[in-house]
Every structure is written in C-alpha cells, then in structure tokens.
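What follows is one structure encoded as structure tokens, with my remarks underneath.
In what follows, every chain begins at residue 1, and chains take the letters A, B, ... in the order their sequences are listed.
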2 protein chains.
Amino acid sequence: MPKKVTRQGLPPLDWLKVFEAAGRHGSFTAAAEEFGATQAAVSQRIRNLESWLGRQLFIRSARGVSLTVDGESYLPLVHDSLRALEQGTENLFGHSVRELRIAAQPSHLEMLLLPRLTVFSENYPDMRIVTETVPKRQDFEAADRALHIRYGRGVWDRREGVLLANEVLQPMTAPEHAKAWRSLPAIELRGERPGWSEWARVTGEGEPEMGPVSVDSMGHALRAARLGIGVVLGSRALASSLLQTGQLECVAAPELATIDGYWMTWPASLGKSKRQAEVLASLTAALQNL
Amino acid sequence: MPKKVTRQGLPPLDWLKVFEAAGRHGSFTAAAEEFGATQAAVSQRIRNLESWLGRQLFIRSARGVSLTVDGESYLPLVHDSLRALEQGTENLFGHSVRELRIAAQPSHLEMLLLPRLTVFSENYPDMRIVTETVPKRQDFEAADRALHIRYGRGVWDRREGVLLANEVLQPMTAPEHAKAWRSLPAIELRGERPGWSEWARVTGEGEPEMGPVSVDSMGHALRAARLGIGVVLGSRALASSLLQTGQLECVAAPELATIDGYWMTWPASLGKSKRQAEVLASLTAALQNL
DNA sequence: CTTCGGCATTAGAAAACCTAACTCTCAAAC
DNA sequence: GTTTGAGAGTTAGGTTTTCTAATGCCGAAG
C-alpha cells in the first residue's frame with residue numbers, strides 16, 4: 001500500500017539542493033539567502049532530509065552549523081551530481097533559458113526598450129537580451145517565438161500581451177523653441193498616427209504652418225524636432241527618455257489621446273513556468289515605467 | 001526582484017525524476033505507474049519542465065510519446081546523475097533507510113511479529129527487518145533507537161506508540177480436549193498477568209484444579225497446552241496464530257479482559273517524514289490485524 | 001550577565017501539486 | 001468507413017507541501 005513511491009532510494013531532490021548550499025556555506029542563513037528564502041525554510045528542509053535519511057547531517061551550535069561525518073561524506077556526491085546536472089543543462093538549454101529575444105521596429109528598440117533595459121538587467125544580471133530588428137510590419141511573423149514590442153490595438157493571434165502605454169500625441173520642440181513654438185514650421189509625419197489636422201480638429205487649436213520636412217517614422221520626426229527643425233506631434237511614450245533628459249520639451253498645448261498603444265506580446269507557450277512569468281513581469285514593469 | 005531563485009540554472013529537480021522515468025519508458029502512463037501517480041500528474045510535470053527549459057522534450061502522438069532530439073540528449077545526463085545520487089545515497093544511508101530494527105521479548109517476536117510479517121513484507125519488499133531479542137524488561141533501554149513491541153499500559157518516555165491489542169485472557173486447550181476441558185489440570189502461569197483465581201473471581205466460574213506444571217512465560221504456557229498437558233489461561237493476542245491454524249482452541253468459557261495490552265513504540269524522532277510514517281502505518285496495520 | 005548572531009519551532013498563509021473527469025486524436029480492427 | 005480503445009491533453013478544485021513571520025532558545029563574545 002505504499003502510495004507515493006517517488007523512486008525507491010531517492011529522497012525528494014529539491015531537499016538536496018538546500019543541503020548542498022547549506023553544506024557549502026556552513027550556514028543555514030547564508031543558504032537561505034542564496035535561495036531568496038527564509039532561514040526557517042532551510043531549517044525545515046534539512047530536518048526533513050535528515051529525517052528521511054535517518055541520520056543527522058549537521059551539528060547545530062549557537063554559532064552556526066557544521067557537517068557531521070555523514071554529512072561530510074554525502075556533500076561531495078550531492079555537490080558533484082548537482083554540478084553535473086547544472087552544467088549539462090546549461091550546455092544543452094542555456095541559450096533558451098537565459099536568452100530573451102525581443103523583436104521590434106528599430107525606433108521602438110531604441111526609444112522604448114533600451115532606455116529602460118538597465119532596470120531589468122539589474123534584476124536579472126545574466127539574462128541575455130537579444131534584439132531582432134523588424135524593418136516592416138509583416139516581418140513580425142517570422143519572429144513568432146520572440147517577444148514583440150509593437151504599435152497597435154492589442155489583438156494578435158496565439159499571443160498573450162500587455163499594454164505598455166497608450167499613445168498620446170503632443171506638440172514637442174527643442175527646449176530653446178518651446179516658448180515660441182507657434183512660429184516654427186510643423187514637421188509632417190506620415191503613417192497611421194493622426195496628424196496635425198486631426199489634432200487641430202479635436203483640440204480646436206489652430207493648425208500650424210506645415211514646414212518642408214516630411215518623415216515616415218516617429219523616430220526621425222523626434223530627431224528632427226530635437227535639431228530645431230520644427231515642431232512635431234510627438235509620442236509621449238517614444239519621446240519619454242528625450243523629454244526626461246531635456247533634449248525635447250512639450251510645448252504648452254493640448255494633447256491628443258488615441259486608442260492605439262504600445263504592446264508587448266509573447267507566444268502563449270511562454271510564461272507558463274513560474275520563472276518565466278517572473279522574468280516577463282519584471283520586463284513588463286520596467287517597460288511600463290512611463 | 002527575482003524572488004525564488006532556487007539555484008541559477010537548475011530546474012526543480014523533482015521534475016527531472018519524472019522526465020527520466022518517462023523517457024526511460026517512452027510513456028507517460030508507464031512513468032505514472034512507476035510513481036504511483038496519475039498520468040495527468042506526469043503530463044503536467046513534463047510540461048512544466050519543457051516550459052522551464054524553453055524546449056520540447058517529447059513528441060506527442062496518439063500512440064504514445066517519443067523523445068525529441070533535445071530530450072534524447074538530455075536523458076543520459078539526467079539518468080546518470082540520478083543514478084549516481086541514488087547509488088551514493090544507498091551506499092551511505094541504505095542501512096538506516098531500508099532497515100527496521102524491532103526489539104521485543106523472544107515470545108513476542110515469535111508469536112506477534114513473525115506470523116504477521118509477510119503482510120508487511122509484501123508491501124515493502126526491500127525493507128529489512130532486524131529483530132533484537134530482549135531477554136529482560138530493562139534491556140529495552142539499550143535498544144532505544146529501535147521499535148519496541150512490549151506488554152504494558154502504554155506509557156513510555158520520549159516514545160510514541162500505538163496499542164496493538166488489549167490483553168484478553170481465555171481458557172485454551174489442544175483441540176481434542178476442548179470439550180472436556182474441565183477434567184484437565186490447569187497450567188499455572190506466574191508473572192504479571194491475572195491468574196486462574198482472578199479469572200474465577202471475576203467471571204464467577206469455578207476455579208479449575210491446578211496441575212503440576214507451572215511456567216513463567218505465556219509462550220511456554222501455550223506450548224504446554226498445545227501438547228495436551230492441560231488448560232491454560234491464554235492470551236488471545238499471542239495465541240492468535242495458534243488458534244487460527246487450529247493448534248489451540250478456546251474452550252466454551254468466559255474471557256477476562258485486562259487494561260494492559262501489547263504496544264508498539266518508537267523514538268519520537270522517527271516517523272517524522274512521510275515515508276517513515278507510511279512504513280510505520282503499514283507495520284502497525286499488519287500487527288493490529290487481530 | 002547582557003547582547004547578539006544564528007538555529008528551532010510554530011501556526012497560519014501561500015503555493016505547488018495531484019486527481020478526477022473530461023476531451024481529443026490517431027491507429028487498428030471490424 | 002465506422003467503431004473502438006489506448007494514450008495524452010486540459011481543467012477545476014481539493015489536498016498536501018512548503019513558506020513565512022513571529023517568537024523562543026542557546027551559547028559565545030563583549
């Protein structure tokens with residue numbers, strides 16, 4: 001009637017991870033820190049293991065713990081076995097485990113991702129971020145196993161996703177022209193975003209004089225504005241880091257909110273394990289941070 | 001903010017046990033049986049592992065599963081590592097893990113334990129039972145790490161225990177004399193148990209004629225009765241297997257219940273782990289079985 | 001003889017896990 | 001071409017395990 005025979009002769013292996021760490025450090029507290037858990041958790045797991053084996057592995061004293069003879073004999077075996085597993089796992093799956101592929105248009109990579117990446121990297125120092133530049137919309141399909149950062153309404157097949165920020169457009173210029181922006185020529189941005197005339201219509205403002213410059217990407221538009229070429233109807237989200245560093249400035253004029261936004265999406269198969277979910281959550285948090 | 005970093009680069013190891021079994025069998029169902037769990041449990045753990053690693057390990061088809069290239073590469077590593085751990089654990093701790101030391105008086109070992117041991121051994125085929133004969137009461141203290149089977153009222157220091165059976169005394173003879181037992185001489189049993197006079201007092205029966213034989217252990221008394229030497233005030237519990245095989249027979253006379261009983265006890269440190277608790281429960285069940 | 005670092009212990013909360021019941025798919029048998 | 005059956009996937013919900021937070025305890029160092 002023995003019900004949960006895991007495998008004859010092997011204790012629950014996760015206890016061994018803890019034993020190994022505790023033995024290596026000679027301290028339950030240190031081991032607990034290594035795992036990001038509490039000292040009590042380590043204490044209990046060790047006790048379980050000792051109980052399972054029917055022998056003490058540690059000698060407890062007020063100043064810390066030290067291994068018993070049994071523990072001393074057991075540690076190398078456990079250490080080596082775990083090391084072998086870790087090493088082999090790393091060799092075979094290391095790439096997929098510690099690599100995050102992110103596909104996006106070049107300007108999104110530059111203006112949304114890169115400025116916020118350091119926050120994430122501090123939390124996950126040895127996670128590699130691999131970007132894949134997507135020149136055109138339809139090229140996203142080729143990168144269907146990667147994370148996507150893209151502009152739209154948040155409906156994509158077979159993908160989960162979160163909204164990073166809604167698109168909010170507002171006139172922006174180089175700081176030195178912010179006061180007298182009305183005298184600047186407007187920069188035209190072609191594409192799916194509402195333009196100056198829509199802005200004028202919705203806000204009731206007068207439409208500014210169009211200048212000679214017309215670009216087809218928000219990245220170029222913002223750069224042009226930064227150079228003092230004119231006033232641009234810029235994206236709050238994309239301009240965020242330029243605004244924060246004072247390279248651009250919002251002028252005193254109403255904004256135009258849209259229903260579109262910047263989304264991060266990933267294949268539904270991702271994020272199922274706790275580890276991945278945490279990584280995703282951390283990245284999301286970093287990117288949503290304004 | 002990564003909270004539960006177990007150990008960078010190692011998946012939860014218990015998933016690997018399942019992977020190894022599934023890979024070995026080429027079947028989730030078979031693996032589930034090996035663990036005494038359901039197929040769904042295996043399916044989920046494998047999925048978790050695959051998700052953690054970011055790669056598929058099995059190819060599912062309606063007829064079963066087979067390893068992918070990744071799985072094929074991973075299996076030997078996992079197999080060997082687990083094998084090494086299992087082997088080493090067995091070498092170091094095998095004795096304490098698969099050995100059950102049972103201390104008791106010789107007659108208890110013979111009449112209580114041995115007849116019921118096969119039931120237990122069927123459930124735990126590779127558990128070694130090591131008996132330690134205890135000639136005298138006080139010798140139990142020397143075997144304080146072993147299980148004890150002993151007669152008394154169930155109060156022992158630092159030990160947990162369960163009552164196997166209360167002591168119930170009843171006149172018994174060899175089967176051929178059971179009818180005419182009144183004409184047989186009574187066998188005297190010296191010791192802590194109530195004797196014939198107590199039996200006569202409590203039940204109101206006439207006290208039988210005492211014969212010439214007087215013994216100091218229940219084992220001897222029962223053996224004497226079996227040989228036709230006389231009628232004995234026998235212990236139901238100890239005589240149980242003799243009664244079942246027809247070597248002894250209870251006569252038609254009232255029984256005498258006592259408040260003493262046969263107890264199994266163990267050091268409080270034992271039975272803390274699930275595995276041990278199950279083993280103990282199984283042994284207890286076997287011994288309580290009449 | 002007090003303090004302080006480190007472990008044990010506990011109850012209760014949180015997470016992980018398992019099972020039961022169901023579905024889906026394919027192959028083999030009819 | 002249907003039927004059947006084995007085996008895997010999927011869920012929701014209950015159960016077990018594990019973790020945390022709080023507290024107690026011990027002994028070494030001041």
Side-chain angles (χ1 to χ4, degrees), chain A residues 2-6 11-19 21-23 25-52 56-68 71 158 268-269 272-278 281, chain B residues 2-7 11-19 21-23 25-52 56-68 71 268-269 272-278 281:
Chain A
K3 245 352 187 16
K4 294 279 174 40
V5 184
T6 52
L13 291 180
D14 291 324
W15 296 352
L16 294 183
K17 277 205 270 199
V18 177
F19 164 65
H25 287 119
S27 152
F28 289 3
T29 307
E33 260 155 34
E34 172 172 332
F35 286 85
T38 60
Q39 172 268 325
V42 173
S43 175
Q44 286 170 129
R45 274 159 100 108
I46 299 281
R47 190 170 38 154
N48 287 343
L49 179 61
E50 290 180 324
S51 171
W52 196 97
Q56 283 213 186
L57 297 170
F58 289 95
I59 295 162
R60 279 84 163 162
S61 78
R63 266 346 232 173
V65 294
S66 57
L67 288 163
T68 61
R158 245 178 294 273
S269 62
K272 295 295 186 186
S273 89
K274 191 178 173 185
R275 196 190 115 86
Q276 290 176 336
E278 283 171 355
Chain B
K3 245 354 189 11
K4 294 279 173 42
V5 185
T6 51
R7 173 180 177 154
L13 291 179
D14 290 325
W15 296 352
L16 294 183
K17 278 205 268 200
V18 176
F19 165 64
H25 287 118
S27 151
F28 289 3
T29 306
E33 259 156 34
E34 172 172 333
F35 286 83
T38 60
Q39 175 269 327
V42 173
S43 176
Q44 286 171 127
R45 276 159 99 110
I46 298 282
R47 188 169 38 151
N48 287 343
L49 179 60
E50 290 180 324
S51 171
W52 197 98
Q56 283 214 187
L57 297 170
F58 289 94
I59 296 163
R60 279 83 163 161
S61 76
R63 264 354 229 169
V65 295
S66 58
L67 288 163
T68 61
S269 61
K272 296 293 187 186
S273 88
K274 190 178 173 185
R275 196 191 114 88
Q276 291 176 337
E278 283 172 354

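- Between A40(A) and A40(B), the residue anchored nearer the 5' end of DNA chain D, judged by the nucleotide with its closest heavy atom, is A40(B).
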Atom pairs under 3.5 Å: protein N/O with N/O of nucleotides 2-8 of chain D:
residue	atom	partner	partner atom	Å
dA8(D)	OP1	F28(B)	N	3.2
dA8(D)	OP2	T29(B)	N	3.1
dA8(D)	OP2	T29(B)	OG1	2.5

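- Distance, R45(A) CZ to dT20(D) C1': 14 Å, rounded to whole Å.
- Picking from dT19(C), dC19(D), dT9(C) the nucleotide with the shortest atom distance to the side chain of A41(A) gives dC19(D).
- Using a 4.5 Å cut-off on side-chain heavy atoms (C-beta onward), V18(A) and I46(A) make contact.
- In this structure, L67(A) and F19(A) have side chains that are in contact, with non-hydrogen atoms separated by less than 4.5 Å.
- In terms of phosphate contacts, R47(A) brings a side-chain nitrogen or oxygen within less than 4.0 Å of OP1 or OP2 of dT9(C).
- Residues L57(A) and L49(A) form a side-chain contact, since some pair of their non-hydrogen atoms from C-beta on lies under 4.5 Å apart.
- Inter-residue side-chain proximity for F58(B) and E50(B) is flagged as met; some heavy-atom pair is nearer than 4.5 Å.
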Given R47(A) and S43(A), is the side chain to side chain contact (heavy atoms under 4.5 Å, CB included) satisfied, shown in steps? CA-CA 6 Å; R47(A) 190 170 38 154; S43(A) 175; 5.6 Å; no

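- L13(A) places none of its side-chain heavy atoms less than 4.5 Å from the side chain of W15(B).
- The distance from atom CD1 of I59(B) to atom P of dC26(C) is 15 Å, rounded to the nearest whole Å.
- Rounded to an integer number of Å, the gap from F35(B) CZ to dT19(C) P is 12 Å.
- Rounded to whole Å, atom C1' of dG5(C) lies 17 Å from atom NE2 of H25(A).
- Computed from coordinates, the N48(A) CG to dT10(C) P distance equals 13 Å when rounded to whole Å.
- Closest to the side chain of Q44(A), from the set dA21(D), dC19(D), dT11(D), is dC19(D).
- Regarding contacts with the backbone of dT17(D), a side-chain N or O of K274(B) is found under 4.0 angstrom from either OP1 or OP2.
- One can place CZ of R275(A) at 15 Å from P of dA16(C), the figure rounded to the nearest angstrom.
- When the options R275(A), Q276(A), K272(A) are evaluated for a side chain to side chain donor-acceptor pair (under 3.5 Å) with S51(B), the one that passes is Q276(A).
- The NZ atom of K272(A) sits 18 Å away from the P atom of dA15(C) (whole-angstrom rounding).
- Separating the CG atom of L13(A) from the P atom of dT17(D) is a distance of 16 Å, rounded to the nearest angstrom.
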